[in-house]
Amino acid sequence: MTTTATQPVARAAGPGSAARRRARRGDLLVRYAFIAPAALYMIAFFGYPILKNVVMSFQDYDFATFFNGKAPFVGLANYTATFSDPIFLRALGNTGLFTIGSIIGQFVIGMALALYFRKKFPLSGFLRSLLLLPWLLPMIVSAAVWRWILEQDNGALNRFLEGVGLISDPIPWLVSSSTALVAVIIVNIWLGIPFNVVLLYSGLQSIPDELYEAGQLDGATGWKSFWHITLPMLRPVVSVVLLLGVIYTIKVLDLIIGLTGGGPANATQTLATRSYEMSFIEFDFGQGAALSNILILIALAFSLVYLRANARAAKNG
Amino acid sequence: MAPTPRPSPPESDRSGLPRPTNHRSVSRRALGLGALAVPGLLSLAGCGPDVGNGGPNDIRIVDYYNTPADDVAINGTFSQCAEELGLTFSREKVPGDQLIAKVLQMGSSRTLPDLLMLDNPNVQQVAASGALAPLGQYGITTEGFTDPVADLGMYDGTLYGIAPTVNTIALFYDAAALEEAGVAPPTTWDELHDAAAALTTPTRYGLAFSAIASYEGTWQFLPFMWTNGGDETDLDGDGVIGASRFWSDLVREGLVSRSVVNWGQGDVIDQFKAGNVAMVVNGPWNIAGLEADTPDLDWDVVTIPVPEAGTDPVAPLGGEVWTVPITGDEEKQKKAAALLKAFVAPENQLYMAGERSTIPGDAAAAEQFAGEHPELSTFVDQVSTARSRTAQLGPDWPRTAKAIYTANQRVLVDDTDPAEAFDEAARTVDASRTAS
């Protein structure tokens with residue numbers, strides 16, 4: 001009974017649902033076909049190198065490997081060697097100081113400039129494009145120019161500071177292990193300001209003026225309007241700026257190589273420069289890969305924090 | 001000897017990057033740039049497009065001779081030799097600091113060229129990997145070369161590379177400044193110290209060398225270390241420590257700027273040109289630049305002063321060696337070797353040495369060269385007693401070289417006692433040797 005009763009129904013529904021299923025399958029195929037190029041691209045250019053890097057870190061991967069392909073697996077040897085390397089802890093600490101210092105400096109100055117450019121004034125467009133300059137220069141050019149500026153004896157910065165009477169003895173910016181890291185951070189802040197200004201400025205543009213007008217009626221002006229209107233409205237942009245800033249800064253390599261080469265006496269060695277040095281100067285690619293994996297893990301941790309915060313914000317909003 | 005005509009590069013794309021039209025697109029581009037930031041290893045994945053036409057008689061050459069003078073001399077010599085042998089060639093010039101990465105990439109993708117130039121300390125690594133053909137089987141020998149010059153291309157007793165010209169370092173000085181201060185060109189460490197003291201003024205340092213955190217810093221330290229009896233196999237020995245102490249005393253007394261820890265050899269010669277330093281340790285490759293940029297500067301060169309009168313000066317040998325990589329095409333390897341053999345003939349050495357201010361590898365050619373180029377005779381002398389960096393340590397040299405410059409930086413920057421710094425350097429090198 002039930003079978004005879006359902007069969008006609010099924011038969012009746014059959015052609016329609018099959019067609020629909022076919023259509024849906026076709027639809028799905030089309031969708032995948034659209035995703036495929038991007039997915040393949042991601043796998044080839046992002047997935048593979050990262051996977052390769054992970055595998056490499058468990059291998060004795062040396063100079064000859066590139067020619068004979070022989071890279072025996074050595075388990076965790078590269079990681080234990082990395083952790084027992086006396087320069088590792090120093091590089092880790094430097095990476096932290098470099099990242100935090102750079103991010104704070106870039107963000108505070110970037111925010112101040114973005115707020116400043118909200119006001120309409122003559123030449124604002126010109127000045128804004130001037131601000132982009134550090135961003136447009138190749139990193140290695142900036143590094144070379146800053147090396148001249150920070151030169152101890154004849155550098156422009158020391159000459160200026162002496163000229164205005166701020167210092168009496170030249171500061172050994174790049175040649176003392178106590179100031180070199182500070183100098184490198186200062187240059188990196190200069191490099192990072194445009195990125196912060198551009199993103200924060202565009203975020204500011206999207207805050208409707210009505211909010212400020214309404215705030216004004218309630219007595220929120222100046223700092224108050226900044227804390228209660230600008231900053232909350234800007235939160236999504238700020239989190240993007242900070243997260244990208246951290247990921248960007250944590251792996252800065254060419255700037256440090258150009259300014260100090262990780263010296264003097266390893267004072268500006270970071271995980272990124274140490275990884276480069278391990279691979280391309282000491283030709284120990286396995287240990288170099290292990291170091292850069294540690295770097296990737298740290299960056300990944302920041303991404304997770306960001307994603308969770310975002311998810312929470314989305315749920316609450 | 002005109003350079004072979006090269007196809008002109010394609011019309012540069014004037015469109016370039018899309019110009020951001022509004023702030024939104026700028027910010028989106030910013031995000032895109034952020035997303036593109038991937039670990040440096042990716043750069044290895046990029047493949048060079050410049051592969052020659054690959055005919056059976058077309059020899060592919062890779063080197064790093066980019067300066068106009070070097071480029072013309074190298075290209076001209078190859079053109080002439082190739083023509084005589086009925087071969088053609090295509091040269092790919094790689095920036096100096098990218099050559100090794102390029103070699104590794106070519107090695108893993110089996111696209112090594114037919115002739116490959118290498119900086120001499122790197123020959124050991126490449127030869128040890130089995131990528132190079134022994135040159136003896138093609139009848140290329142180092143007959144007529146002094147042992148150290150022959151050693152440059154030697155790995156494990158077999159010849160893999162040959163250097164048509166070599167170089168080394170010596171002491172350049174501002175003759176007018178020395179005369180004014182009433183000092184003679186120094187020959188011993190004491191004289192060097194006293195001369196540096198006499199030449200130091202509020203606006204000028206007496207002496208400069210490169211102590212940068214790279215192989216250049218080690219290379220400049222070697223003449224001091226070797227002449228003092230120091231040896232790369234004995235980093236915590238008195239010879240090495242004494243040389244480091246000599247450097248650090250000069251810096252601490254203010255006769256040498258502390259900035260030398262951040263100066264490459266190019267920076268050092270620039271300081272000399274600017275009149276900020278009266279004496280510098282440097283190489284003959286700068287002579288052309290000195291003559292062009294500062295024609296009024298009255299400079300001269302002496303061998304690097306030695307600890308005590310009577311000691312033989314020992315400087316490190318520099319220069320590039322040419323190798324025949326194993327490409328699998330035995331016929332072509334033979335042709336490449338024939339081209340190399342012609343390229344390194346003594347008359348070509350003389351021509352290239354003259355054009356590039358370097359010293360012929362062949363001892364007889366070097367002697368003839370010294371007669372024709374008196375301004376380079378100091379370097380010819382210095383080369384005759386110079387030493388190869390990798391002869392003793394082979395592939396272990398890079399690690400040791402790094403240990404040396406790091407120890408010197410600690411001494412010069414942090415006032416670490418040389419004995420302590422080099423004791424640790426010796427331990428680092430030992431640890432890495434047992435680990436690998």
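Note that this is a predicted model, so its numbers are computed, not measured. First the proteins, then the strands, lettered A, B, ... as listed; each starts at 1.
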query: B:Phe221 vs B:Phe422 aromatic rings, parallel, tilted or perpendicular, using cut-offs 30° and 60°?
result: parallel
- prompt: Is it the side chain or the backbone of A:Tyr48 that comes within 4.5 Å of chain B heavy atoms, both, or neither?
  reply: neither
message: Quick check on B:Asp415 against chain A: is it the side chain, the backbone, both or neither that has a heavy atom closer than 4.5 Å?
response: neither
query: Do side-chain atoms of B:Gln105 reach the backbone of B:Thr111 as a donor and acceptor pair under 3.5 angstrom?
result: no
- request: Output all residues satisfying side-chain contact (heavy atoms from CB on, under 4.5 Å) with B:Val411, sequence neighbours left out; order by chain, then residue number.
  value: B:Ser244, B:Ser248, B:Pro418, B:Ala421
- request: Measure from the side-chain N and O atoms of A:Thr270 to the backbone N and O of A:Ala91, and report whether any donor-acceptor pair falls under 3.5 Å.
  value: no
message: I'd like to know whether A:Thr65 forms a side chain to side chain donor-acceptor pair (under 3.5 Å) with A:Asp62, so could you lay out the CA-CA distance, the side-chain angles of the two residues, the decisive distance to 0.1 Å, and finally the verdict.
response: CA-CA 5 Å; A:Thr65 307; A:Asp62 63 6; 3.0 Å; yes
field: Contacts with chain A made by residues 126-133 of chain B (heavy-atom distance under 4.5 Å), listed by residue number
entry: B:Val126, B:Ser129, B:Ala131
query: Going through the checks in order, is the salt bridge (Lys or Arg N to Asp or Glu O under 4.0 Å) test met by A:Lys70 and A:Asp60?
result: CA-CA 9 Å; A:Lys70 280 183 213 138; A:Asp60 182 10; over 6 Å; no
task: Kindly determine whether A:Asn293 and A:Tyr79 satisfy side chain to side chain donor-acceptor pair (under 3.5 Å), including the steps that lead there.
output: CA-CA 10 Å; A:Asn293 283 334; A:Tyr79 288 93; 3.2 Å; yes
task: Measure distances from B:Asn408 to the heavy atoms of chain A and classify the residue's part below 4.5 Å as side chain, backbone, both or neither.
output: neither
- line: For residues 203-219 of chain B against chain A, heavy atoms under 4.5 Å, the residues are B:Tyr205, B:Ala213, B:Tyr215
task: Find the one option among B:Gln271, B:Lys402, B:Arg258 whose heavy-atom pairs under 4.5 Å with chain A are most numerous.
output: B:Lys402
task: Could you walk me through whether A:Leu255 and A:Leu191 pass the side chain to side chain contact (heavy atoms under 4.5 Å, CB included) test, one step at a time?
output: CA-CA 10 Å; A:Leu255 176 75; A:Leu191 273 175; 3.6 Å; yes
query: More than 12 non-hydrogen atoms from neighbouring residues, nucleotides or ligands closer than 6.0 Å to CZ on A:Phe117, yes or no?
result: yes
query: Can you name the residues that form a salt bridge (Lys or Arg N to Asp or Glu O under 4.0 Å) with A:Asp254, not counting sequence neighbours?
result: none
Proximity breakdown for A:Pro172 and chain B, heavy-atom pairs closer than 4.5 Å: neither
- request: Pick one of side chain, backbone, both or neither for A:Asn154, based on which atoms fall under 4.5 Å of a heavy atom in chain B.
  value: side chain
task: Look up atom OH in B:Tyr155 and atom OH in B:Tyr160, then write down how far apart they are to the nearest 0.5 Å.
output: 7.5 Å
query: With respect to chain A, which residue among B:Arg110, B:Arg410, B:Gln125 yields the maximal number of heavy-atom pairs within a distance under 4.5 Å?
result: B:Gln125
- prompt: Which one, B:Val261, B:Ile326, B:Thr428, B:Thr406, leads in non-hydrogen pairs under 4.5 Å with chain A?
  reply: B:Val261
task: Give a yes-or-no answer on whether the side chains of B:Asp414 and A:Ser177 include a donor-acceptor pair shorter than 3.5 Å.
output: yes
message: If the threshold is 4.0 Å, N to carboxylate O, is there a salt bridge linking A:Glu282 and A:Arg274?
response: yes
message: Please tell me whether A:Asn158 and A:Trp173 have a donor and an acceptor in their side chains that are separated by less than 3.5 angstrom.
response: yes
- request: Between chain A and each of B:Pro398, B:Ser259, B:Ala401, B:Ala274, count heavy-atom pairs under 4.5 Å; write down the option with the most.
  value: B:Ser259
field: Heavy-atom proximity to chain B below 4.5 Å, by part of A:Leu295
entry: neither
